[in-house]
Amino acid sequence: QVQLVESGGGLVQPGGSLRLSCAASGSIFSIDAMGWYRQAPGKERELVAVIKSGGSTNYADSVKGRFTISRDNAKNTVYLQMNSLKPEDTAVYYCKVEGVAGPIGYVGYEHWGQGTQVTVSS
């Protein structure tokens, strides 16, 4: 079993910063890709950023230059540093992992966190 625990969401003013964390727990040897998605009311869930095991990253155009994704493999944790936040960033942010390897092979196809609310408003 793999469980994802997210933290760091909250209410901030435009221009402020937040740091989201997502820790994966279970009998985990390695994780291929770790990423963040978000979903605003009435909109489809979209990719925000993803980081692969080799360190390569991809970002949505709307967050490039403002958000930074990173991971700590020893802790099976992925982070999303969000700077210069805008009201348009308001959404529920979800952590997702793919390619989780356990002691007898891969565990499932993908795993999602419960989501954490980020609200950017004055």
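Any value given below was found using the heavy atoms of this structure, including those in side chains, with hydrogens, waters and symmetry copies removed. Predicted model only: the values in this text are computed from it and were never measured.
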Shared hydrophobic cluster for [X] and [Y] (ILVMFWY, side-chain gaps under 4.5 Å):
X	Y	answer
Leu20	Leu47	no
Val107	Ile31	yes
Val48	Ile51	yes

Looking only at non-hydrogen atoms, find the nearest pair between [X] and [Y] and report the distance.
X	Y	result
Ala49	Tyr59	CB-CD2, 3.6 Å
Met34	Asn76	CE-O, 3.9 Å
Ser122	Pro14	N-CD, 3.8 Å
Leu4	Gly113	CD1-N, 3.5 Å
Ala91	Ala40	CB-N, 3.9 Å
Ser53	Arg71	N-NH1, 3.3 Å

Measure the [atom1]-[atom2] distance between [X] and [Y] for me, rounded to the nearest 0.5 Å.
X	Y	atom1	atom2	result
Leu18	Thr119	CG	OG1	9.5 Å
Arg19	Thr68	CZ	OG1	11.0 Å
Ser7	Tyr79	OG	OH	9.0 Å
Glu98	Asp32	CD	CG	7.5 Å

| Trace of the side-chain contact (heavy atoms from CB on, under 4.5 Å) decision for Thr77 with Cys22 | CA-CA 5 Å; Thr77 300; Cys22 174; 5.7 Å; no

Could you tell me if the side chain of [Y] sits less than 4.5 Å from the side chain of [X], heavy atoms only?
X	Y	result
Phe67	Leu85	yes
Trp36	Glu6	yes
Tyr93	Leu80	yes
Val92	Thr116	no
His111	Val100	yes
Phe29	Pro103	yes
Asn73	Lys75	no
Thr90	Val118	no

| query | Taking 4.0 angstrom as the limit, do Lys64 and Asp61 come out as a salt bridge? | reply | yes

| remark: In short, salt bridge (Lys or Arg N to Asp or Glu O under 4.0 Å) pairs touching residues 99-122 with sequence neighbours left out are Lys96-Glu110

| message | Just by distance, no angles: are the side chains of Ser17 and Asn83 close enough, under 3.5 Å, to form a donor-acceptor pair? | response | yes

| task | Establish, for the pair Arg38 and Tyr94, whether the NZ or CZ atom is under 6.0 angstrom from the six-membered ring centre and no further than 45 degrees off its axis. | result | no

| task | Run the numbers on Asp89 and Arg66 for side-chain contact (heavy atoms from CB on, under 4.5 Å), then give the verdict. | result | CA-CA 11 Å; Asp89 296 318; Arg66 300 188 298 120; 2.8 Å; yes

| message | Please evaluate residues Ile69 and Val78 with respect to the criterion side-chain contact (heavy atoms from CB on, under 4.5 Å), reporting the C-alpha separation (whole Å), side-chain torsions for both, the decisive distance (0.1 Å), and the verdict. | response | CA-CA 7 Å; Ile69 189 170; Val78 62; 3.8 Å; yes

